[in-house]
2 protein chains.
Amino acid sequence: MRVKLSDVARDAGVSAATVSRAIAQPELLSSETLARVRASAQRLGYLPDGAARALASGRSMTIGAIVPTLDSAIFARALQAMQATLAQSGYLLLVASHEASPAAETQAVRALLGRGVDGLMLVGAERAPETTALLRASGLPVVLTWCGDGHFTAVTIDNAMAGRLAAEHLISLGHRRIGMIVGHLQFNDRQRARLAGARLALEEAGLSLPDPLVVEQSLTLAGGRAGCAMLLDLDDRPTALIGGIDLFAIGCLEEAHARGMAVPDDLSVVGIDGLDMSAHVSPGLTTVHVPTGRIGNLAAQTLIAMVAHRPVQQETLLPVELVVRRSSQAHIAL
Amino acid sequence: MRVKLSDVARDAGVSAATVSRAIAQPELLSSETLARVRASAQRLGYLPDGAARALASGRSMTIGAIVPTLDSAIFARALQAMQATLAQSGYLLLVASHEASPAAETQAVRALLGRGVDGLMLVGAERAPETTALLRASGLPVVLTWCGDGHFTAVTIDNAMAGRLAAEHLISLGHRRIGMIVGHLQFNDRQRARLAGARLALEEAGLSLPDPLVVEQSLTLAGGRAGCAMLLDLDDRPTALIGGIDLFAIGCLEEAHARGMAVPDDLSVVGIDGLDMSAHVSPGLTTVHVPTGRIGNLAAQTLIAMVAHRPVQQETLLPVELVVRRSSQAHIAL
DNA sequence: ACGTTTGCTGAAAGCGCTTTCATAAGAAGA
DNA sequence: TCTTCTTATGAAAGCGCTTTCAGCAAACGT
């Protein structure tokens, strides 16, 4: 049915080994043999069988990625960047998502490991012990992203610093009562770290971020609006809000607008992520920029290097940076 | 090194065939044999080798998807939906993107075909003839999305109708001069169809959508803003704008706001897509809703059915629907 | 009681490729 | 000229699984 390597070999009048080499190590062949094989392959429309190659060589030229969800601007961008980088080296991306379920993540790891991926990208450092055991036992190159665990190779950002920068910015603006909307903290070490960073900054300034001023929401714009609504309905409402992700902050902008409150006059808002969109909303969103695309690029590069047994940096910490726009301003105490 | 099927077989005191059956067709085994094999597999931490399974069985339990980019709310959502549906049947998603390059798409198809995917999802009906030839020659289940070509199985929406609904809505509101921002039309049949639909509706109403009122932009919020700026800078500026994607329309909202123009008082704006975000921006965006997630779900279901040789509908046309919000209102002629 | 079916299991032949090892033919050195 | 390297190629042994095809019991039918 399908053209196989032996067909090409017969057509070109060479052995199967030679055809195989024409694909993988062309420099070993004489130029005329190579040309002949290539011509045959071309003419017959030969496409190597990946499964057979993977079985025989032990490499699948496939990298796995497991993210909470693809349906997020953040992970989508990181994966797009990964995919683009991987493609340049002939790798393909096998993706799975776990929707914030550790058990689903374990399943996904198992599925990807079974598919013979050459390396694996995961988000965050927190996971079921079983998953970690699986990963270690596999001996496969693994790169953690956003958060590292000190053991696996990682491409990270300082989430706590991101939270801190957001908080310190507001503190320096004179805000004393600050609220924060975060994603569900369970199985989300990025959000926990951002919250912890903000809280610490507040405490160092002699302020605090008490539980009533922190609301957990699902990671959507609607979640941001709802969280904002809860915070603004408090008796002693905050004068400034931090969104654990930009989407939350944008939700705050919308909710404030819907209530007839002016941002930044009546409420300051700061996000964390640095979505493209954040520069374009009104007012422009002050945010802590995270190099999402670079996380993806570097994760891919690191994985490729590890597969090739090249030395890699154990943990690459990418910088986050406060970008001040219109959504935050000095708080005038009454 | 790694535990293999024969290790499990030896440990359980059965043949390799029996272990294989324990995985793929457990109903063929006596319950005690099955239990014994499972216990051994569990204890040894056996994970089947996907490459070997794929080679021996001819099925990889992997579905390929090639999209223009992952970094788009639309495709990200569709892929997330696909992935979720596929995962339920034990399939994994192998993704590639082509960034609006037909040649890159061909490459991607080749790469995925080579990886032995069991089926392939593609976006749109327009592609290099070589790609189509490759697809046909492979004989693999293929599902086109958003647009069909009358040959391959497809899960589509009526893009022309979407454009028409947007235009007719504005016409009915009394707008006579309407502009449209579309993505680069080359290699994007979805945008072409939406434009054509809008144009036709206008012409049927005795109006027109002349070239100067159509601007092509890259598919980002910034593109939408830029397109809006161009249209508003026209001598005879339009009173209403259609965004070929919601992101464009949201860009229009921002640009209008930045210019001190009120939407919908000074300008009506309608999008196409129905992003979650569109319901939350201010003013709420009138848009033609597209069931993006369902496209992904159905593409996955269709592919799974095709792999199993179950009959499938040749083309599934999903409905689009106008959702009227605050961004559009009647035009008062001066 | 004797063929016949049914249920469960094993032997073994691949699936299409990679890769080691061996070999043959030149090139180079002595 | 004869040995010693190189260089280019082929033969063949798998990679770890699936899947006929057989075989052997036990259960069935008459």
Side-chain angles (χ1 to χ4, degrees), chain A residues 1-38 40-41 44-62 90 110-111 113-118 138 307, chain B residues 1-38 40-41 44-62 90 111 113-118 138-139 307:
Chain A
M1 193 73 225
R2 177 170 160 173
V3 178
K4 58 178 82 163
L5 185 137
S6 58
D7 297 326
V8 177
R10 186 166 352 93
D11 185 86
V14 298
S15 72
T18 299
V19 178
S20 176
R21 283 192 272 256
I23 298 167
Q25 310 155 56
E27 68 279 5
L28 289 185
L29 300 187
S30 71
S31 53
E32 54 184 319
T33 306
L34 182 57
R36 198 144 38 89
V37 172
R38 286 199 169 146
S40 292
L44 300 181
Y46 173 62
L47 240 187
D49 179 314
R53 297 189 74 176
L55 180 57
S57 71
R59 307 210 310 152
S60 65
M61 296 307 280
T62 298
R110 218 186 286 281
L113 248 30
R115 240 50 137 245
V117 293
D118 294 336
S138 76
V307 170
Chain B
M1 194 74 221
R2 177 170 161 174
V3 179
K4 58 178 81 164
L5 184 136
S6 58
D7 297 326
V8 178
R10 186 167 350 94
D11 185 86
V14 298
S15 71
T18 300
V19 178
S20 176
R21 284 192 272 256
I23 298 166
Q25 311 154 61
E27 68 278 7
L28 290 184
L29 301 187
S30 71
S31 52
E32 53 184 319
T33 305
L34 182 57
R36 197 144 38 87
V37 172
R38 287 202 168 143
S40 292
L44 300 181
Y46 173 62
L47 239 186
D49 178 314
R53 296 189 75 177
L55 180 57
S57 70
R59 307 211 310 151
S60 65
M61 295 308 280
T62 297
L113 248 30
R115 240 49 139 244
V117 293
D118 294 336
S138 75
V307 170

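So you know, we letter chains A, B, ... as the sequences are listed, proteins then strands, and number each from 1. If you're wondering where the values come from, they're calculated on a predicted model, not measured in any experiment.
Residue A/Ser6 has no polar side-chain atom (N or O) positioned under 4.0 Å from OP1 or OP2 of C/dC17. For C/dT9, neither phosphate oxygen OP1 nor OP2 lies less than 4.0 angstrom from any side-chain nitrogen or oxygen of B/Thr18.
With respect to the salt-bridge test (charged N to carboxylate O, under 4.0 angstrom), the residues A/Lys4 and A/Asp7 do not qualify.
Comparing atom distances between the A/Thr33 side chain and each of D/dG10, D/dA8, D/dT18 picks out D/dA8 as nearest. The nucleotide whose nearest atom lies closest to any side-chain atom of A/Leu55 is, among C/dG16, C/dG10, D/dC17, C/dG16. The side chain of A/Leu29 lies closest to D/dT9 when the candidates are D/dT18, D/dT9, C/dT18. Distance from the side chain of B/Ala17 is smallest for C/dA12 among the nucleotides C/dT18, C/dA12, C/dC17. Considering only the side chain of A/Arg21, C/dT20 comes nearest among C/dT9, D/dC17, C/dT20. Checking C/dT9, D/dA11, C/dT18 against the side-chain heavy atoms of A/Ser15 singles out D/dA11 as nearest. Ranking D/dT18, C/dG16, C/dG10 by closeness to the B/Val14 side chain, first place goes to C/dG10.
Atom CD of B/Glu27 and atom P of C/dT9 are 13 Å apart (whole Å).
Between B/Arg36 and B/Ser57, the residue anchored nearer the 5' end of DNA chain C, judged by the nucleotide with its closest heavy atom, is B/Arg36. Mapping A/Lys4 and A/Gln25 onto DNA chain C by nearest heavy atom places A/Lys4 at the nucleotide closer to the 5' end.
Scanning both residues, A/Asp118 and A/Ser60, for their nearest heavy atoms gives OD1-N, 2.9 Å. Here the shortest heavy-atom pairing between B/Thr33 and B/Ser30 reads OG1-OG, 2.7 Å.
For the strand DNA chain D, secondary-structure stems (runs of at least three Watson-Crick or G-U pairs, all distances below 3.5 Å) span C:1-30 with D:1-30.
Not a single side chain to side chain donor-acceptor pair (under 3.5 Å) links B/Ser6 to another residue, sequence neighbours left out.
B/Val19 comes within 4.0 angstrom of no nucleic acid atom, judged by non-hydrogen atoms across all strands.
Atom CZ of B/Arg38 is separated from atom CG of B/Leu29 by 8.5 Å, given to the nearest 0.5 angstrom.
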